[in-house]
Student: 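My structure is below; once you've seen it, I'll send some questions.
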Amino acid sequence: ETGVTQTPRHLVMGMTNKKSLKCEQHLGHNAMYWYKQSAKKPLELMFVYNFKEQTENNSVPSRFSPECPNSSHLFLHLHTLQPEDSALYLCASSQEGSGGNSYEQYFGPGTRLTVT
Amino acid sequence: AQKITQTQPGMFVQEKEAVTLDCTYDTSDPSYGLFWYKQPSSGEMIFLIYQGSYDQQNATEGRYSLNFQKARKSANLVISASQLGDSAMYFCAMRESYGGATNKLIFGTGTLLAVQP
């Protein structure tokens with residue numbers, strides 16, 4: 001496997017279900033991210049992990065719970081979601097240094113989530 | 001307030017012609033980075049090109065070039081010799097250096113490019 005992988009690619013869940021999204025990066029990066037992409041809206045940053053530590057929580061509801069057990073894996077645990085949470089969830093990673101802005105983020109293919 | 005503006009929801013271009021996708025940004029930080037990503041229908045965001053605020057020359061990567069006009073706060077993407085495979089959504093993004101979360105990217109709403117044979 002190369003790059004950033006995400007599983008599952010598609011997920012349909014009811015509002016009372018509990019599910020998890022998985023992301024794995026094979027690039028040796030030290031930062032990982034969760035984004036939400038809804039129709040006709042800009043990509044929204046949800047969470048940032050630097051060296052396995054959460055450094056950004058962009059006012060995300062508690063029904064979304066991230067977990068970063070190591071620098072290569074990132075999970076997004078979902079419970080009691082709402083229909084408006086239906087979206088494409090993208091994971092990304094980057095190699096962060098001591099400063100600067102040139103560190104591009106590499107994205108996975110996303111998980112298309114539908115909440116019924 | 002949204003800091004990245006892409007005013008073209010959709011664009012058409014003939015195969016083999018060049019096309020310019022517009023992006024303007026707003027920041028008070030003197031140090032920032034600008035990125036362009038391509039998103040095909042498969043969903044994956046593909047990094048295309050980067051421009052730093054202090055870079056003297058416009059960035060180029062193969063058929064992609066970035067027309068960086070700092071005074072106008074614009075960072076337009078130019079795709080030369082368009083190919084059918086270039087049909088996709090294109091997103092402009094910015095990263096600022098101030099604050100704790102320095103690796104935060106802010107995205108525009110995107111431009112859907114359709115290349116016609």
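Note that the structure is a prediction, hence the values are computed from the model and not measured. Heavy atoms only: backbone and side chains are in, while hydrogens, waters and symmetry mates are out.
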Student: If Ile, Leu, Val, Met, Phe, Trp and Tyr residues are connected whenever their side-chain heavy atoms lie under 4.5 Å apart, and connections chain through other members, are B/Val13 and B/Tyr90 in the same group?
Tutor: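 Shared cluster, yes.
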Student: Of all heavy-atom pairs between A/Leu90 and B/Gly43, which one has the smallest distance, and what is that distance?
Tutor: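 Nearest heavy atoms, A/Leu90 then B/Gly43: CD2-O, 3.7 Å.
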Student: Is chain A contacted by the side chain of B/Gln39, its backbone, both, or neither, given a heavy-atom distance below 4.5 Å?
Tutor: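 Only the side chain of B/Gln39 comes within 4.5 Å of chain A.
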Student: Is it possible for you to say whether B/Leu48 and B/Val19 belong to one hydrophobic cluster, with membership spreading through side-chain heavy-atom contacts below 4.5 Å?
Tutor: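 Shared cluster, yes.
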Student: Do A/Leu27 and B/Phe47 belong together in a cluster built from hydrophobic side chains that touch within less than 4.5 Å?
Tutor: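 As far as the 4.5 Å side-chain criterion goes, B/Phe47 and A/Leu27 are not connected within one cluster.
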Student: Counting only non-hydrogen atoms closer than 4.5 Å, does A/Arg112 touch chain B with its backbone (N, CA, C, O), its side chain (CB onward), both, or neither?
Tutor: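 Nothing of A/Arg112, per the 4.5 Å heavy-atom cut-off to chain B.
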Student: More than 12 non-hydrogen atoms from neighbouring residues, nucleotides or ligands closer than 6.0 Å to CD on A/Glu84, yes or no?
Tutor: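 More than 12 heavy atoms, drawn from other residues, nucleotides or ligands, come within 6.0 Å of this atom.
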Student: Can you tell me how far CD of A/Gln37 sits from CZ of B/Phe107, rounded to the nearest 0.5 angstrom?
Tutor: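 Nearest 0.5 Å value for the CZ-CD distance: 9.0 Å.
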Student: Just wondering, do B/Leu105 and A/Tyr33 contact through their side chains at under 4.5 Å, heavy atoms?
Tutor: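 Contact flag for A/Tyr33/B/Leu105 side chains = no.
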Student: So, taking the atom named CD in A/Gln6 and the one named CD in B/Glu44, what distance separates them when rounded to the nearest 0.5 Å?
Tutor: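 Answer rounded to 0.5 Å: 9.0 Å.
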Student: Would you say NZ of B/Lys16 has more than 12 non-hydrogen atoms from neighbouring residues, nucleotides or ligands within 6.0 angstrom?
Tutor: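 No.
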